[in-house]
Amino acid sequence: MEGETSKSSITKSLLAVKQQSGKSYSQIAEETGLTNVYVAQLFRRQAQLNPDTSSKLQAAVPNIPVELLHEMMKPPMRSYDPNLIQEPAVYRLNEAVMHFGESIKEIINEEFGDGIMSAIDFYCSVDKVKGVDGKDRAVVTFDGKYLPYSEQKSEHMVSRLQRQ
């Protein structure tokens, strides 16, 4: 498991390699077949690089050292700096989810039943579009698997069945 200092130095190196490439996350995503947010997560050590995808990433970012590719294939320590909320873009995203969250939850319940959207089996992307007024707009897509809550019947509880 990587420590915060190690994660920080690896992330710093990865971001420097990405910057040297001159490519955006969206460009790298297009070349690798990943979403732009997932590519950003990889470079920030918030996601694990699949060995089958490493050759695509290396082709997209040829200056990435093999040692860093190997680091990216290790399970990351998924964490964040609690001060990140002070960053205005992050604050506004949080504000939007909090403001619209109750309505989104109600619509999920209407459409699917009692459950939640997974953040594990989850895709996320950011796209730039023109609004009807011709101004740039950011489209943030959350695409998560629906997970229904289950009725907790004691007869289905494996730990209790094993005691018998």
**Q.** Qualifying ring-ring contact (aromatic ring centres under 6.0 Å, His included) pairs, either residue in residues 116-141, two or more places apart
**A.**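 Sorted result for residues 116-141: Phe122-Phe142.
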Between [X] (side chain) and [Y] (backbone), is there a donor-acceptor pair under 3.5 Å?
X	Y	value
Gln41	Ala47	no
Asn36	Ala29	no
Gln27	Ser24	yes

Q | With Phe112 via ring-ring contact (aromatic ring centres under 6.0 Å, His included) - residues at least two apart | A | Tyr146
Q | Partners meeting salt bridge (Lys or Arg N to Asp or Glu O under 4.0 Å) with Glu151 (sequence neighbours left out) | A | Lys153
Q) Who pairs with Lys23 by salt bridge (Lys or Arg N to Asp or Glu O under 4.0 Å), at least two apart in sequence or on another chain? A)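 Salt bridge (Lys or Arg N to Asp or Glu O under 4.0 Å) check on Lys23 returns Glu31.
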Q: List, by chain and number, the other hydrophobic cluster members for Tyr149, where Ile, Leu, Val, Met, Phe, Trp and Tyr join if side-chain heavy atoms come within less than 4.5 Å, directly or indirectly.
A: Ile116, Leu147
Q.
Checking one residue: Val139. Which other hydrophobic residues are in its cluster under the side-chain 4.5 Å linking rule?
A. Val129
Would you please name every residue forming a side-chain hydrogen bond (donor to acceptor under 3.5 Å, both in side chains) with [X], sequence neighbours left out?
X	answer
Glu95	Arg92
Asn63	Gln20
Lys130	Asp136
Gln46	Lys7

Can you give the donor-acceptor pairs under 3.5 Å from side chains of residues 100-108 to other protein atoms, not counting sequence neighbours?
| unit_1 | atom_1 | unit_2 | atom_2 | d |
| --- | --- | --- | --- | --- |
| Lys105 | NZ | Asn109 | OD1 | 2.3 |

Side chains of residues 53-61: which donor-acceptor partners sit under 3.5 Å, not counting sequence neighbours?
| unit_1 | atom_1 | unit_2 | atom_2 | d |
| --- | --- | --- | --- | --- |
| Ser54 | OG | Pro51 | O | 2.8 |

Q. Within a radius of less than 6.0 Å around CZ of Arg137, do more than 12 heavy atoms belonging to other residues, nucleotides or ligands occur?
A.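 At most 12 heavy atoms, drawn from other residues, nucleotides or ligands, come within 6.0 Å of this atom.
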Q: Is it possible for you to say whether Val17 and Leu15 belong to one hydrophobic cluster, with membership spreading through side-chain heavy-atom contacts below 4.5 Å?
A: yes
Q.
Please find the pair of heavy atoms, one from Val140 and one from Cys124, that lie closest to each other, and give the distance.
A.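 Residues Val140 and Cys124, closest heavy atoms: CG1-SG, 4.5 Å.
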